[in-house]
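What follows is a single structure, written as structure tokens, with notes after it.
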Amino acid sequence: MQKTLIETLQAFVNAAFERAGYDTKFAAVRVSDRPDLADFQCNGLMGVAKSQKMNPMEAGAAVLDALDMEGLFEADFVKPGFLNFKATDAALRALVAASAADPRALAGRVERQKIMVDYGGPNLAKEMHVGHLRSAIVGHGLINLLAFAGHEVVSDVHLGDWGLQLGQLITQIEEVRPDLFEDEVLRPITMLDLQEWYPAASAKSKADEAFRDKARIATSALQAGDGRYMRLWQRIVDVSIASLRRDYNRLGCEFTYFYGESRYQEMLGPLVQSLEDKGVAEPSDGAIVIHLEEDTKLPPLMLRNSNGGYGYGATDLATIVDRLETDRPDAILYVVDARQKMHFQQVFLGMEKTGLLGDTQLEHTAFGTVNGTDGKPFKTREGGVMRLHDLMEEMHAAARKRLEEMGKLEGAELEKTAEQIAIAAIKFGELSHDRESNYIFDMEQFLQFEGKTGPYIQYTCVRIASLMENARAAGLEPSAFTEVSDGARGLVLTLDAFAAKLARAVETRKPSNMALHVYNLANATNSFYQSNRVLAEGVAPDLAASHLGLLAAAKGQLDLGLTLLGIEVPAKM
RNA sequence: GGACCGAUAGCUCAGCUGGAUAGAGUACCUGACUACGAAUCAGGGGGUCGGGGGUUCGAAUCCUCCUCGGUCCGCCA
């Protein structure tokens, strides 16, 4: 593994701080926010001065004196107490050489863990809509990043295929389409049907108490394994999963397991019973709950309601127990809406109290809600939710239109590329936002392919690839990067930041760190490309080959970064 | 009533453990295509970082109060 410039520099600075007798906690080196003055900076000397009650200038002089950077950096100590560093040409050349040889060379390694990512989490009988994008895209990006960083990753979609919602749906079908229960006339059920029945059932359940009771009874009957209900349920499952898989495939989301809540049904009774026997769970108002600590101010975790039905508190515990037994993960990440924060606090605390958890870490990798331009949860102009399928179609059509205008592609190739661009726009639009904050979904902005977008980054890759081809045709091949110019400096330093951004993305579970890095890299690449001609009159072959060498390194990292985000790079666009 | 999250340019968002002139994109204005691909690049205008107080040599960042949003608060998931 090749060390990055900043890692190398950090080691030098740490050593100097030690030699000067200062705590290395003050030695942190960062990318300079004043690129006109320096590549990297260390601000810790003012902290040293404070803690040692001395003048920062003295501390700076001491560190400067103790600093040995083997000719790779130049140091400068300025006014209030900033230690500025500039990488030498030799250091920049070495960095590009390593990155060009293998874009993965700069990435650091983590202590390998087995991490389970629970993402997706769609409910049956509902088609996916834009609200499902975040879990799908953030979750999938996270899987790629975690695996690339060296973790062993397994994933599970954790379908909402059980519980009252299904009881409601079945009750609704009983009322409007009793014929569907007759096995001999197996009429097909479509997503369109479910799309109609499900919201109706949900609304009726809120308004109509009699319906609600029937739905509860139906739920219990289903959970008890009633034959008629189970056969209907299975048909709903089949049609729903086909629809879900279609959308997930199109987004490129992969799952180790496509399990649902129903899988744990058999475990619920015995689990709750055993917890009751152990004294962890106890009766409360006719229900069975786990009381959480008083000082947490959390309500108790409900395991079984007063009707004898099991809720998702029990299901979530059973799911964890099952995962601990079968996969033995070191950590389970729940890529789930932030609105469920309290629920996960309850589940995690409840799980601890069972004594079954061991060393496994449970994390709620929460994300904010998707709002419309009015700041309220996203709705289309017609007031409904936008189907994910429709969003993808609209994006595809916009990309197709653009490609037709460009006139470089046609036929099947054009369609394939339009799809790659559409998915890139959607994914980057999602991934460039911090997952924890809410964000505003604006179709106008999604349809934008210029500026800070996925297609912009793809376009950068396509152009560099095209340049490489032209150069080869002209008899020019990339060589080692030797000609360090001011224009190249920014690009090299951006290449250097990859490892730190990757590490941060993995630590914080935020793919946005990588998304923004890839954008910065594309930006730096375009900037360099624009002002450093390769194939032009009067450009010396050595200089051109050196430029190509740098661009090759940039292209390698762009491709890698996009792959990690789950974004494909078209050959042409 | 309790708890959590948020408020940064007209709009959409970055800003890592407090640091040197608060950054992008978009929109607006200007310049660069007989093209190494203009889905690009270069430049310009635009900000009392929601408000008050505090800590500090130094605050968008930490503490506190207030205002305004959003979310959650035992038998839905």
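In what follows, chains carry the letters A, B, and so on, assigned in the order in which the sequence lines appear, proteins first and then strands, with residues in each chain numbered from 1. What you see is a predicted model; the values in this text were computed from it and never measured.
For the P atoms, the distance linking B:A35 with B:A39 amounts to 14 Å, nearest Å. Comparing the P positions of B:G51 and B:G10 gives an interatomic distance of 14 Å, to the nearest angstrom. B:A27 and B:U12 are spaced 15 Å apart, taking the P atom of each and rounding to whole Å. As rounded to the nearest Å, B:U61 and B:A7 have P atoms that lie 11 Å from one another. Distance noted for atom P between B:A22 and B:U26: 22 Å (whole Å). Using atom C1' as the reference point in both B:C49 and B:U8, the two lie 4 Å apart (nearest Å). Spacing of P atoms, B:U56 relative to B:G18, comes out at 16 Å, to the nearest Å. A distance of about 24 Å separates the C1' atoms of B:A59 and B:C4, rounded to the whole Å.
Sorted by first then second residue, the side chain to side chain donor-acceptor pair (under 3.5 Å) pairs that include residues 425-437 of chain A, not counting sequence neighbours, are A:Arg134-A:Glu430, A:Glu430-A:Tyr439, A:Asp434-A:Lys510, A:Glu436-A:Lys510. Within the structure, the side chain to side chain donor-acceptor pair (under 3.5 Å) test picks out the following pairs touching residues 212-223 of chain A (sequence neighbours left out): A:Glu175-A:Lys214.
We find that CD1 of A:Ile457 is positioned 12 Å from C1' of B:G25, with the value rounded to whole Å. The nearest whole Å value for the distance from the CE atom in A:Met57 to the P atom in B:C57 is 19 Å. A:Leu516 has its CG atom 12 Å from the C1' atom of B:G23, to the nearest Å. Regarding A:Met46, its CE atom lies at a distance of 9 Å from the P atom of B:A20, rounded to whole Å.
The residue A:Val539 sits apart from the nucleic acid: no heavy atom pair falls under 4.0 Å. Contacts of A:Gly160 with the nucleic acid, taken as non-hydrogen atoms under 4.0 Å apart, are absent. Within the 4.0 angstrom heavy-atom criterion, only backbone atoms of the sugar-phosphate kind lie near A:Asp434; the bases stay farther away. Using a 4.0 Å heavy-atom distance criterion, A:Met468 is classed as making no nucleic acid contact. Within the nucleic acid shown, A:Pro80 has no heavy atom closer than 4.0 Å to any nucleic acid atom. Using a 4.0 Å heavy-atom cutoff across all strands shown, A:Asp36 reaches at least one base atom of the nucleic acid. Across all strands shown, A:Leu301 has no heavy atoms under 4.0 Å from either base or sugar-phosphate atoms. A:Asp337 comes within 4.0 angstrom of no nucleic acid atom, judged by non-hydrogen atoms across all strands.
Searching all strands for a Watson-Crick or G-U wobble partner of B:G18 with both distances below 3.5 Å returns nothing. Across all strands shown, B:A24 pairs with B:U12; the Watson-Crick or G-U wobble distances both stay below 3.5 Å. Pair assignment for B:G45 gives none, since no Watson-Crick or G-U wobble pairing has each distance under 3.5 Å. Here B:A7 sits opposite B:U67 as a Watson-Crick or G-U wobble pair (both hydrogen-bonding atom distances under 3.5 Å).
Note that CZ of A:Phe40 and CG of A:Leu493 are 5.0 Å apart. Values are rounded to the nearest 0.5 Å. The CG atom of A:Leu244 sits 11.5 Å away from atom NZ of A:Lys126, with the distance rounded to the nearest 0.5 Å. To the nearest 0.5 Å, the span separating CG on A:Leu565 from NE2 on A:His517 amounts to 10.0 Å.
Side-chain contact check for A:Tyr456 and A:Asn523: at least one donor-acceptor pair (N or O, by modelled atom type) lies under 3.5 Å. In this structure, a donor-acceptor pair under 3.5 Å is absent between the side chains of A:Asn526 and A:Gln530.
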Under 3.5 Å, side-chain donor or acceptor atoms of residues 540-550 of chain A against the rest of the protein: list the pairs with distances, not counting sequence neighbours.
from     : atom 1 : to       : atom 2 : distance (Å)
A:Ser546 : OG     : A:Thr482 : N      : 3.0
A:Ser546 : OG     : A:Glu483 : N      : 3.0

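Summary of the strand contacts: A:Val78 and A:Gln168 both lie near RNA chain B, and taking for each the nucleotide with the nearest heavy atom, the more 5' one is attributed to A:Val78. Remark on RNA chain B: of its neighbouring residues A:Tyr310 and A:Ala338, the 5'-side contact belongs to A:Ala338, judged by nearest-heavy-atom nucleotide.
Applying the salt bridge (Lys or Arg N to Asp or Glu O under 4.0 Å) criterion to A:Lys353, with sequence neighbours excluded, gives A:Glu293. With sequence neighbours left out, A:Glu477 forms a salt bridge (Lys or Arg N to Asp or Glu O under 4.0 Å) with A:Arg472. In terms of the salt bridge (Lys or Arg N to Asp or Glu O under 4.0 Å) criterion, A:Asp316 has no residue partners (sequence neighbours excluded). By the salt bridge (Lys or Arg N to Asp or Glu O under 4.0 Å) test, A:Asp496 pairs with no residue at all, sequence neighbours left out.
Relative to the side chain of A:Gln448, the nucleotides B:A27, B:A20, B:G74 differ in distance, and B:A27 lies closest. Residue A:Ala287 has its side chain nearest to B:C75 when only B:G74, B:C75, B:U71 are considered. Taking every side-chain heavy atom of A:Arg339 into account, B:U71 is the closest of B:U71, B:U12, B:A20.
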Please list each protein N or O that sits under 3.5 Å from an N or O in nucleotides 2-4 of chain B, with the distance.
from : atom 1 : to       : atom 2 : distance (Å)
B:C4 : O2'    : A:Lys341 : NZ     : 3.1

Sub-3.5 Å pairs of nitrogen or oxygen atoms, protein against nucleotides 16-18 of chain B:
from  : atom 1 : to       : atom 2 : distance (Å)
B:C16 : O2'    : A:Arg504 : NH1    : 3.1
B:C16 : N4     : A:Arg30  : NE     : 3.4
B:C16 : N4     : A:Arg30  : NH2    : 2.8

Atom pairs, protein N/O to nucleotides 6-10 of chain B N/O, distance under 3.5 Å:
none

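Residue A:Ala515 comes nearest to A:Phe428 through the heavy atom pair O-CE1, 3.3 Å, listed as atom of the first residue, atom of the second, then distance. The shortest heavy-atom contact between A:Leu414 and A:Leu409 is CD1-O, 3.1 Å. Of all non-hydrogen atoms in A:Ser202 and A:Gln168, the two that sit nearest each other are CA-OE1, 4.0 Å.
In this model, no side-chain donor or acceptor of A:Glu261 finds a partner on the base of B:A77 within 3.5 Å.
With salt bridges taken as basic N to acidic carboxylate O contacts below 4.0 Å, one links A:Asp39 and A:Arg489.
A heavy atom closer than 4.0 Å to some atom of RNA chain B occurs in A:Arg216, these being the qualifying members of residues 209-216 of chain A.
Ring centers of A:Tyr334 and A:His158: at least 6.0 Å apart, outside the cut-off.
Applying the 90° cutoff around 0 to the glycosidic angle, B:G45 is assigned anti.
The aromatic ring of A:Phe82 is stacked on the base of B:A20, with the two ring centres less than 5.5 Å apart and the planes inclined by under 30°.
Using cut-offs of 30° and 60° on the angle between ring planes, the pair A:Tyr312 and A:His343 is parallel.
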Subject >> Protein-to-nucleotide contact annotation, 5' to 3' order, nucleotides 29-44 of chain B [B base; S sugar-phosphate only; - none; under 4.0 Å, heavy atom] >> reply: -------BBSBBSS--

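In this structure, A:Leu37 and A:Phe82 have side chains that are not in contact, with every pair of non-hydrogen atoms separated by 4.5 Å or more.
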